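The basis for the numbers below is simple: all heavy atoms, side chains too, and nothing from hydrogens, waters or symmetry mates. This structure is a prediction, so every number in the text was calculated from the model and none was measured. Lettering of chains follows the sequences in order, A, B, ..., and the numbering in each one begins at 1.
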2 protein chains.
Amino acid sequence: MDLRQAQYVIAVVDNGSFTAAAASIPVSQPALSQAIANLERELGTPLFHRLGRSVSLTAAGEAFVPPARQMLRDAEVARAAVTAVAGLDAGRLDLVSLPTLVVEPLVELVGRFRRAHPGVLVRISEPEDSADLIEQVRSGEAELGLGDTVPDDASLEGHLIGRQRMLAVLPPGTDLGSSTSLAATRLASFPLITTPRGTSTRRLLTTALRDRDPDADPAIGVVTEHREAIVPLVMAGAGAAVLPEPLARNAAALGATVAPLSPRVEREVVLVHRRGALSPAAEVFRALADGG
Amino acid sequence: MDLRQAQYVIAVVDNGSFTAAAASIPVSQPALSQAIANLERELGTPLFHRLGRSVSLTAAGEAFVPPARQMLRDAEVARAAVTAVAGLDAGRLDLVSLPTLVVEPLVELVGRFRRAHPGVLVRISEPEDSADLIEQVRSGEAELGLGDTVPDDASLEGHLIGRQRMLAVLPPGTDLGSSTSLAATRLASFPLITTPRGTSTRRLLTTALRDRDPDADPAIGVVTEHREAIVPLVMAGAGAAVLPEPLARNAAALGATVAPLSPRVEREVVLVHRRGALSPAAEVFRALADGG
DNA sequence: TCTAGCCATAAGTAGATCCTATCGAACGCA
DNA sequence: TGCGTTCGATAGGATCTACTTATGGCTAGA
């Protein structure tokens, strides 16, 4: 059995004759006759009574027609479903993002993407750490990853889509003196609040401090996996933190003392994906990230 | 798109890899790869992410799979429906029968057929007259016809499946004297009750009378299209009728005087169908009629 | 009886599908 | 880091299928 054969049978039913059906497809009449004859042979039963000048369905043909119609409809449904996904009227875009990049710039990008393509579901997953983010992209679990390093992997491709300045976030009322920035050595004098080893924020913090003074041994005050606890901890006077600018600005609005580090510390925002063709949804998202 | 391609895609989804899918069908792995590649080219979108050592569905693939499964199920439904009809577990048998043959022998045949194949619907239509019965069979409106003449038509085939003796049915208390049969000339002396010209019963009556005495002009007492009124009319003394033996026996049970005609008058019972292969249901029915 | 229309058959060609063999890439193991 | 294994993709060639045009047989209507 075959979609083509089913289509031919339905055409004969709807047109009343083999000749008219063949003309409507279009295909030659003998081709249609043979295709139906082959189907009948395969099924072991004639589907049509040949009455010389007209044809009519046999009982077997009557039974065949309804599921055959359904079959053709399903084929159209399948085709339309795929087209809808390709045309960004449906489907899903799987993203993975470092937690500190979710608020900025991810939410803005996702918001613009969703407004442009409301039919596409966006799923955002949280990686264990930077290595896991790369792995999720490499394995196909996510199609696009938002990280802070261009991966050292030939099968992956990274696009720099922005930079984030890192700011020191200090307890309310901390006296900075006359300077508008905070020296790395001064930062090291605070008990620090940060996430566990292996996370990108932590790596950024230690790298920044060592860059300035390799011998300094920063005093870690609090280590937590709960990023959302960092700002409240600073506010409670538990210590200082280093956060990307958008998060630091939020903390400042709550009363924390915020200052850029001196010298300046930045991290890159990198969009990662597998080398090769992206899905239409991912392609649009990448253009959004590049352009904006 | 193609049922085969859909089947291949589903096999990959269910088996997790192209190789395993190919082994399960069975088909060679390159054939499966090419078929899916062709489908993807036709749809304009990849259905699978090729991850080197494993594959996973793209968003388009996710959208494709459910209707594709439905399509394959429908193909099975179509096949099963046809098989059910061919195997006499479903379907319909269209019969057309002269009214006087419905009670005998048709009901008995249909009863036996239905007991053997309860899934097959039997439809019995009533022809206008003998010519219409032939036409219904010839046009395919009915597959089998039960008549009383072998049709003079090269496209049709007639099987003699029995004979029916015609009996005179006379009002209760009619004196037949010592004879156990009724001479044709005696019959002609009764006012006769019969159906309109063109019907097979009428033709049989007049033919029988003329065979005996071409000059006799039978006195027609009542002409009615309502066959079921004939016996009550006889019972009411409205005249005499000539009926096939089974109907006449019923009348006798109600009190009518019944006698075979002398000389004997018979009609043939003929099963008519188009030349060529019959549907399985019709074939079984014909065997039933021939054998019984 | 003749003509027109419809389906079946025949013959040949173009295309598709399949196979085996092989390649390139990726993963796991040492 | 190198090697073997396993996976999917590619290449080449044989086979089969489906299409085309041309033609025949049969039916229906003039």
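Using a cutoff of 4.0 Å between basic side-chain nitrogens and carboxylate oxygens, B:Arg286 and B:Glu283 are scored as salt-bridged.
In this structure, CD of A:Glu40 is placed 13 Å from P of C:dC7, rounded to the nearest angstrom. Rounded to an integer number of Å, the gap from CD of A:Gln29 to C1' of C:dC7 is 5 Å. Separating the CD1 atom of B:Ile36 from the C1' atom of C:dC18 is a distance of 15 Å, rounded to the nearest angstrom. Rounding to whole angstrom units, CE of residue A:Met1 and C1' of D:dT17 are separated by 18 Å. Remark: P of C:dA16 and CZ of B:Arg41 are 9 Å apart, rounded to the nearest angstrom. Note: CG (B:Leu32) to P (D:dT10) measures 14 Å, nearest angstrom. The distance from atom CZ of B:Phe18 to atom P of C:dA25 is 18 Å, rounded to the nearest whole Å.
Annotation: of the two residues near DNA chain D, B:Arg138 and B:Ser17, the 5′-most nearest-nucleotide partner is B:Ser17.
Nearest nucleotide to the A:Pro30 side chain, out of D:dC19, C:dC7, D:dT20: D:dT20. Side-chain proximity of B:Arg4 to the nucleotides D:dA18, C:dC18, C:dT20 is greatest for C:dC18. Side chain of B:Ser28, nearest nucleotide from D:dA18, C:dA8, C:dT20: C:dT20. Listed candidates were D:dC7, D:dA18, D:dC19. Nearest to the side chain of B:Thr19 is D:dC7.
Within 4.0 Å of A:Phe48, counting heavy atoms only, lies no atom of the nucleic acid at all. Among the atoms of the strands shown, base atoms are found under 4.0 Å from some heavy atom of A:Ala31.
For B:Gln34 against D:dA9, no side-chain N or O and base N or O form a donor-acceptor pair under 3.5 Å.
Of the listed residues (B:Leu146, B:Leu271, B:Val137, B:Leu106), just one forms a side-chain contact (heavy atoms from CB on, under 4.5 Å) with B:Leu95, and that residue is B:Leu106.
Below 30°, between 30° and 60°, or above 60°: for A:Phe18 and A:Phe48 the angle between ring planes is above 60°, a perpendicular geometry.
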Walk me through whether A:Gln70 and A:Asp74 qualify under side chain to side chain donor-acceptor pair (under 3.5 Å). CA-CA 6 Å; A:Gln70 184 62 44; A:Asp74 290 327; 3.2 Å; yes

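Between the side chains of B:Gln7 and B:Arg4, not a single donor N or O lies within less than 3.5 Å of an accepting N or O.
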